[in-house]
Student: 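Quick one: structure below, then a few questions.
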Amino acid sequence: MCGIVGATAERNVVKILVEGLHRLEYRGYDSAGLALVDGDSAGITAYKRLGKVANLENALKENPHDSHVGIAHTRWATHGKPSETNAHPHLSADSIALVHNGIIENHAELRDMLVAEGYEFVSETDTEVIVHLVHKYFQQQQELFKAVKSAIAQLDGAFALAVLCKDEPNHIVVARSGSPLVIGVGIDENFIASDQLALRQVTDRFIFLEEGDMADVSCDQLNIFDVHGELVEREVVQLDDYADASDKGQFRHYMMKEIFEQPKVVAETLRGRLGKHQVMEEIFGADASSLFDRVKRVQIVACGTSYHTGVITRYWLESIAKVPCNVEIASEFRYRDVVVEPDTIFITISQSGETADTLAALRKAKDIGYTASLTICNAPASSLVRESDLVLMTQAGPEIGVASTKAFTTQLVSLLLFTLVIGRRNGLTPAREQEIVSQLNELSDLCAKTLELADRIKEVSNHFTETTSCLFLGRGMQYPVAMEGALKLKEISYIHAEAYPAGELKHGPLALVDSETPIVAVAPNNDLLEKLKSNLEEVRARGGRLYVFADVNSGFSESDGVTVINVPHVSDVLEPLIYTIPLQLLSYYVAVLRGTDVDQPRNLAKSVTVE
Ligand code: M6R
């Protein structure tokens, strides 16, 4: 969602803040702003601009500024439309400045209380109540840290925040509850951010604040207090260098770079996890074996693309591991009455590890008696990783494009490993496991071969530029693949797209079929191919335009109204991994032709840390 960055240093911090905002822009991007302490407590100067960080950067070029302490923010609107007034930082009496990620649920009542006390509100945001609260308590307590502590005690909801004070110009006070916050540790300089990626240009040493932590950050001192107000030491983590994550290299967009990284990251996700004949189950952690012995059922919860990973996993778990599996969207799961069956493992899937609904679902699951929790995640220091019993990290590396691509394929790989480990407790023979393991060993090459379809798909994408609506069809495991294809297309090209199990066409969607609506079909050469072909005949008979992503051996031929894209042959088990790739490419090329903002599509954010 929104992004926070802050710095306190002996050098000028303006460039550091702007670079940090650029790196965070993938999270939210309707406006940006920063507040700087003018030396020796002369005051606080704030700049805000609507739109992208570049607009703020241009404003700063016109008004160069020198400051040693500052906070900055890139916003993704929740309360109040995108506007300069609603952009952060928010100020109170020109003496306190504050940036905030998250949502304050009791903001309306706090606003009424503060208005009654004489505070004037200028924005429609929930955040503005916090800055006035801090100001109110600062008037009483004359100490910023204490004032922030008193203010947050009044808040219901989720927040990560950073606060500056004109009268205490040498430090930043930060607090986290429900939204991530990290401190970047430097030499005679310290930084804060909502995501360590924002600070990779200045440090590789990080402290990940825990729930309820507050910190007082100046250039030569760092004091962290836990939820009980006790001074605590938190581990300083040195992160590996993944500097190339924020570099597009030869590619025009991060999304394309990330699609093309799939052979590499699939191999990374398998590295060190496969023995000669089987998956090494120690990869799930020391306690995993005994916990897995008890597993009789699986409950998966996730959102968006990660939810589609879950739906595919259900097919694997029930066919290969013979274990019943239920999959649910996190925002639904968290608010319904759930009957927990005995011996059920609870699995969350998430690229960011901070998705608010998925995290809330995990917390609920821990309260209601699941046997254990496992997360499949791509962000090592994230809340989901910290709060789950077992973890299997995907090794996708940072994914910057809002549209999830390489995170999806590496999630699938990870959950196939889980399927095999559970399966061997349920009659999966060593020979069958070995067969799937050898297929996995070939997967990276097969992904690379599939990417060779890029030019052909680019050609085909021309047929979609004027499209307003599109159907994606698949059967069996290809139905969730079709769901993911439809999500990708709508997300970045703004074309309405829906996925259906092909057998469901005649129960309603067939009425949509005409020569204007492209129908994309996912057609590997498997047991359901003949059934799918009959469904596609129904479409052709009604004049529908078909685009079939078909196995080279599946016997489709091109004709008027039928375009066939031949996909390399792949085993049944790995079909979803391979067939997803051409659909990613299709959505990418269509979006580029339609001139949308591919990496930062409108209204969306990379990390959805609000409900
Ligand atoms: O970080 P997560 O995997 O938990 O995020 C879940 C969804 O927000 C995410 O997959 C979203 O649907 C993507 N933008 C899809 O490309």
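Counting starts at 1 for both ligands and their atoms, in listed order. Quick caveat, the model's predicted, so the values are computed rather than measured.
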Student: What protein heavy atom sits nearest atom 7 (C) of ligand 1, and how far away is it?
Tutor: Cys303 O, 3.7 Å
Student: In ligand 1, which numbered atoms sit nearer than 4.0 Å to a non-hydrogen atom of Ser404?
Tutor: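 Near Ser404, the atoms of ligand 1 are 15 (C), 16 (O).
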Student: Nearest protein heavy-atom contact for atom 1 (O) of ligand 1: which residue, which atom, what distance?
Tutor: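 Of every protein heavy atom, Ser352 OG, 2.7 Å lies nearest to atom 1 (O) of ligand 1.
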Student: Please work out whether any backbone atom (N, CA, C, O) or any side-chain heavy atom from C-beta onward of Thr305 is under 4.0 Å from ligand 1, and answer side chain, backbone, both or neither.
Tutor: both
Student: Does the gap between the ring centers of Phe251 and Tyr588 come in under 6.0 Å?
Tutor: no
Student: Is it the case that ligand 1 has an N or O less than 3.5 angstrom from some N or O of Ser306?
Tutor: yes
Student: Is it the case that Thr348 and Thr375 place a side-chain donor and acceptor less than 3.5 Å from each other?
Tutor: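 Side chains of Thr348 and Thr375: pair found under 3.5 Å.
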Student: With heavy atoms of Ala403 as the reference, note each atom of ligand 1 found under 4.0 Å away.
Tutor: 16 (O)
Student: Quick one: are the ring centres of Phe464 and Tyr589 less than 6.0 Å apart?
Tutor: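 No, they do not, as the ring centres are separated by 6.0 Å or more.
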Student: For Glu354, is the nearest heavy atom under 4.0 Å from an atom of ligand 1?
Tutor: no
Student: Going by atom types only, do Glu484 and Thr305 share a side-chain donor-acceptor pair under 3.5 Å?
Tutor: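 There is such a pair between these side chains.
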Student: Does Val402, backbone or side chain, put an N or O under 3.5 Å from an N or O of ligand 1?
Tutor: yes
Student: Quick one: nearest non-hydrogen protein atom to atom 5 (O) of ligand 1, plus distance?
Tutor: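 For atom 5 (O) of ligand 1, the nearest protein heavy atom comes out as Thr355 OG1, 3.5 Å.
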Student: Take Thr409 and Gln262 through the side-chain hydrogen bond (donor to acceptor under 3.5 Å, both in side chains) test and state the conclusion after the steps.
Tutor: CA-CA 7 Å; Thr409 34; Gln262 287 177 111; 2.7 Å; yes
Student: Would you give the length of the straight line joining atom CZ of Phe408 to atom OG1 of Thr394, rounded to the nearest 0.5 angstrom?
Tutor: 12.5 Å
Student: Are the aromatic rings of Phe418 and Phe292 close, with centres under 6.0 Å apart?
Tutor: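 Centroid separation for Phe418 and Phe292: below 6.0 Å.
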Student: Please confirm whether Thr358 comes within less than 3.5 Å of ligand 1 when only nitrogen or oxygen atoms on both sides are compared.
Tutor: no
Student: Starting from atom 13 (C) of ligand 1, what is the nearest protein heavy atom, named by residue and atom, and what distance separates them?
Tutor: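 That would be Glu491 OE2, 3.4 Å.
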Student: Where is the nearest protein heavy atom to atom 8 (O) of ligand 1: which residue, which atom, and how far?
Tutor: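 Result for atom 8 (O) of ligand 1: Val608 CG2, 3.9 Å.
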Student: Suppose I only count heavy atoms of Lys488 and a 4.0 Å limit; which atoms of ligand 1 are within that range?
Tutor: 15 (C), 16 (O)
Student: With a cut-off of 4.0 Å, which atoms of ligand 1 are near a heavy atom of Ser350?
Tutor: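 Counting from 1, the qualifying ligand atoms are 1 (O), 2 (P), 3 (O), 4 (O).
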Student: Got a salt bridge between Arg336 and Glu328, using NZ or NE/NH1/NH2 to carboxylate O under 4.0 Å?
Tutor: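 Yes, Arg336 and Glu328 are salt-bridged.
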Student: Can a cation-pi geometry be assigned to Arg602 and Tyr494, taking NZ or CZ under 6.0 Å from the six-membered ring centre and within 45° of the ring axis?
Tutor: yes
